[in-house]
Amino acid sequence: MELLPAPFPSFLPRPHQLPLSRPCHGRLQEPITAAFAQAPPLALPFQEATRRSSSSHTPRPSTRPCPPAQRPTTTHPLPPPLPPGPSPSSGSTGSERLIVSETKLITVHSCAGRLGDARKVFEGMACRDLLAWSAMIGAYAIRGLYEEVVALAVAMVREGVIPDRFLITRILQACAYTEDLELGTAMHSLAIRRGFMAEGARDVPVGNSVLAMYVKCGELGRARAAFDMMGQRDLCTWNSMIFGCCRSNEWEEARRLLDDMRRQGTEPGLVTWNTLVSSYARSGELDVAMEMLEQMEESGVAPDVVTWTSLVSGFVHGDRGGEALWCFARMRLAGVEPNGMTIASAISACASLRLLSQGMELHCHAIKVGSVNNVLSGNSLVDMYAKCGEIIAAKRVFDEIPEKDIFSWNSMVAGYAQAGYCGKAYELFCEMESLGVRRNVITWNIMISGYIRNGDDERAFELFQMMESCGVKRDTASWNALIAGSVHNGHSDRALRIFWQMQSLLVRPDFITILSIIPAFANLAGFWKVREIHACIYHNNLEMDGKIANALINAYSKSGDLAGACAVFDRHSSRNIISWNCIILAHLLHGSPSEALDRFCEMKQEGVRPDHTTLTAVIKAYGLQGKVSEAKRIFHNMTHDYNIIPDLDHYTAIVDLLGRSGSLQEAYEFIGNMPLIPNLAVWEALLTAATIHGNARLANLTARELSSLDPSDPRIQRLVFNYWGLTGKSVDVPLMTVYNGGRELEDVDSCSVEIKNNVYLFSTGDNLALESTVAELKLIMIQIRMSLLNISNETNAEEEKEELSGIHCEKLAIAFAISNSPPFRSIRIIKTLRMCSHCHIFAKLVSEKYERQILIKDSNCLHKFEDGKCSCEGYW
DNA sequence: GACCGCCTTT
């Protein structure tokens, strides 16, 4: 059976009986087909159209009252109804001549750019024939004012003028742009009635327009029906159909059409290849897009600026900035000049790769080709400068964008917020409101994320609460910002609560939610919880995402399950440098430096270039093995071998290594000779070494250095306090008077233990700890008392201090786990602060006495206690 | 035929 569109009746009502205008935006006041409802249908229409026309088969009243107040408004008033008189077809010779001259005038005005004058002439015409309508519609069409074209087309048809094949094509083009399926379908039926679409018809342009209209309206089924019915096809026909398939993700069908067209003698052209390349690139199938590029070049079609731009922007979107710039370079080599869009995309690539100098070069290029004032390039530049830390340059570019859009504002607000200038960001945020720039959900998300990442949780939550009352609906990213920020600030429990709350409000978590929440599971709970979220990811087919796999490796490792981490890594199909770093760090955390180094070799064999994190891990691995000279060799040759300049992390690793090997003086001198200003981590490494090796003089010296960094920094206060606790001596630095024996600081410590798939939280000095747990702890203490009596004075000092601040949380957790889990089952504890030596000894003794493996992950290291020994070998 | 900004892993 033939599929035909809605009927287009032959009978047309008298022009003055129908309103001319219709709203430019939104749906028709009534279906256009209803205007001709008095006539019987002539052709079998589409199902939908049949229903519509058959329901309005009853004759309409001959006149329809239409008071001016109720007339639909348009941005451009359409011509008033014509006075009753001779119909256009029966005009006298004189009036015909008038029409011709007025039509010419419309064309002249239009060509001279005086669209308003053209419109005035048109509206003043007493009688308008097809040519007059064509001239007026054409004037709008060539300027891309498709809404107007559609409005005029409706008015024309209602006035009883039937468009010819040329005008039908134009109107269909406008329908495609405005996605006006209704008018488009009516034009299709008219084209059929006029015989333009018949089997033997040679009118390809009309058929192509119909096809393109259905494709743009997302009606692939109707497009296919039109395609199959076309008597003749040209390159454009195939292109439209292939585009339609790509747009609907019907990739196989698109490729079939490509083969079909070649078989039927039409060679794919530039647009065909560009459609395929850009569609694959846009959908993230970048490797297939590159394959298409190859095929394109093989078939002798030279890629143009659109081909390359699609690829550059595709790679930018796929977070493959390097390949984006590589494509850009290939394009330049091929002699293709980039346009504003290409440059904008290449600048984005520089932004994501933090390539300031290359970004600046592109800025110069944008100035040269005159696309610097283009809002697209401007926005990319703002983003690039901000991401490269050049916030002043970013602001300068922003100020010079003549017509800022929401992207410009958001990029600048994000630039400030991400650089930590939340006040500046908020100023702009307020300025947007006062200037009447509508802030969207992204603007709000930027502010929320900015505040929470800069530690101002309160303001972040305030904005999160406020946004809906300001008329902006929260989306998944708004929730993600809170979750990621909470994890970032160490509030994993709160992150989990938000995660559950969003699900109870039926906000669907996306892969970023999962990615953000995985560290929370790892920080809070044992590996069963990590397995749970892993299963959840698996069921949602998210595992294939490389980033999620990386986060999982890390989570398994941190929760004490090295085997789980290895399993994820080994099945990881798209390993990158981060995946390798994760697995190397996992082995390191579990005290297996040789496995970590094996992985490093494997990685190099696979051709993956180590980055600064890898090399830090490698130095640490050598440090754990006591291979000082190997570590030093890596350190000294890293710039030459890997083009990586040592940063503070590498210096810290070397200080740690020297400290472990007991070369305290060398470590101290090494710090003195550093070209960088030593930070907290560097001094902390030395303090640890000095404390463990019992070098009180150096420890005291280091504590002073630390407190001179920033006496108000709570992390430093805690470090120095811990040192004081470890040595049992008072430190001769003024900051020690700041707090009362460190009580507030000790209060922060908490830990979690997972038993039978439940997670229990304990805090140091927890007065609410279950009495039974305290009793159990006392029992354990009695059991191992004999051994405890033999330990050093240092730890006794700690015990005294513990009496002051309350029982340490990990002791409570161990006691609770011993009495609530089956015998011999391993105990996994995750705590926020570093373990004290008394608890360390306690855990060692419990592991021996109760024959349990105890894993305690503290802020510095993972302690694996087995048979009275710890994997850290007493150095942490 | 292409279009920049938010939330993400070591």
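Using a 4.0 Å heavy-atom cutoff across all strands shown, A:Arg247 reaches no nucleic acid atom at all. When heavy atoms are screened at a 4.0 angstrom cut-off, A:Leu376 is found touching base atoms of the nucleic acid. Looking at heavy-atom distances under 4.0 Å, A:Asn239 makes no contact with the nucleic acid at all. Using a 4.0 Å heavy-atom cutoff across all strands shown, A:Leu585 reaches sugar-phosphate atoms only and no base atom. Nucleic acid contact class of A:Asn339 (heavy atoms, under 4.0 Å, all strands): base. Counting any heavy atom pair closer than 4.0 Å across all strands shown, A:Lys216 reaches sugar-phosphate atoms only and no base atom. Across all strands shown, A:Ile347 has no heavy atoms under 4.0 Å from either base or sugar-phosphate atoms.
The backbone N or O of A:Met341 lies less than 3.5 Å from a partner atom in the side chain of A:Asn339, making a donor-acceptor pair. Judged by distance alone, the side chain of A:Asp510 and the main-chain N or O of A:Ile512 form a donor-acceptor pair under 3.5 Å.
Atom CZ of A:Arg438 has 12 or fewer heavy atoms from other residues, nucleotides or ligands within 6.0 Å.
Straight-line distance from the CG atom of A:Asp405 to the P atom of B:dC3: 15 Å, rounded to whole Å. When rounded to the nearest whole Å, the span between CG of A:Asp383 and C1' of B:dG5 equals 7 Å. Separating the CZ atom of A:Phe398 from the C1' atom of B:dC4 is a distance of 14 Å, rounded to the nearest angstrom. Between A:Ile446 atom CD1 and B:dC4 atom P the separation is 15 Å, expressed in whole Å. Distance A:Tyr451 OH to B:dC6 C1': 16 Å, rounded to the nearest Å. Taking atom NZ of A:Lys547 as the reference point, atom C1' of B:dT8 lies 5 Å away to the nearest angstrom. With rounding to whole Å, A:Asn581 atom CG is found 14 Å from B:dT9 atom P. Atom P of nucleotide B:dC4 and atom CG of A:Leu381 are separated by 14 Å, given to the nearest angstrom.
Annotation: proximity of residues 303-317 of chain A to DNA chain B (heavy atom, distance under 4.0 Å) is found for A:Asp304, A:Val306, A:Thr309, A:Ser310, A:Ser313, A:His317, numbered in ascending order. At a non-hydrogen distance threshold of 4.0 Å, A:Asn410, A:Ser411 from residues 409-416 of chain A come into contact with DNA chain B.
The pair A:Asp319-A:Lys547 meets the salt-bridge criterion, with a side-chain N (NZ, NE, NH1 or NH2) lying under 4.0 Å from an Asp/Glu carboxylate O. Here A:Glu433 pairs with A:Arg439 in a salt bridge; the nearest charged N to carboxylate O distance falls below 4.0 Å.
Candidate nucleotides B:dA2, B:dC6, B:dT9 were compared by shortest atom distance to the side chain of A:Arg282, and B:dA2 ranks first. Nearest to the side-chain atoms of A:Asn480 among the listed nucleotides B:dA2, B:dT9, B:dC7 stands B:dC7. Closest approach to the A:Ala484 side chain among B:dG5, B:dT9, B:dC7 is made by B:dC7 (side chain taken as heavy atoms from C-beta onward). When distances are taken from the side chain of A:Ser449 to each of B:dC7, B:dG5, B:dT10, the shortest belongs to B:dC7. In the set B:dC6, B:dT8, B:dA2, the nucleotide with an atom closest to the side chain of A:Leu515 is B:dT8. Of the candidate nucleotides B:dC6, B:dC4, B:dA2, B:dC6 has the atom nearest to the side chain of A:Gln418. Distance from the side chain of A:Asp510 is smallest for B:dC7 among the nucleotides B:dC7, B:dG5, B:dC4. Proximity note for A:Asn554 (side chain, C-beta onward) versus B:dT9, B:dC7, B:dG5: the nearest is B:dT9. Residue A:Ser516 has its side chain nearest to B:dT8 when only B:dT9, B:dT8, B:dC6 are considered. Of the candidates B:dG5, B:dT10, B:dC4, B:dG5 carries the atom nearest the A:Asn440 side chain, counting heavy atoms from C-beta on.
When only modelled atom types and interatomic distance are considered, A:His572 and A:Asn550 share a side-chain donor-acceptor pair under 3.5 Å. Neither side chain, A:Asp383 nor A:Ser380, offers a donor N or O lying under 3.5 Å from an acceptor on the other.
When each of A:Phe499, A:Trp500, A:Phe461, A:Phe464 is paired with A:Trp479, the ring pair (Phe, Tyr, Trp, His ring centres under 6.0 Å) condition holds for A:Phe464 and for no other.
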**Message:** Before you tell me yes or no, could you show the steps for A:Leu286 and A:Arg320 under side chain to side chain contact (heavy atoms under 4.5 Å, CB included), namely the whole-Å CA-CA distance, both residues' side-chain angles and the distance that decides it to 0.1 Å?
**Reply:** CA-CA 10 Å; A:Leu286 291 156; A:Arg320 288 161 68 170; 3.8 Å; yes

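Using bins of under 30°, 30° to 60° and over 60° for the plane-to-plane angle, the ring pair A:Phe429/A:Trp444 lands in the perpendicular bin. Using cut-offs of 30° and 60° on the angle between ring planes, the pair A:His650 and A:His612 is perpendicular.
When the side-chain nitrogen and oxygen atoms of A:Arg453 are compared with OP1 and OP2 of B:dC7, none of them lie within a distance under 4.0 Å.
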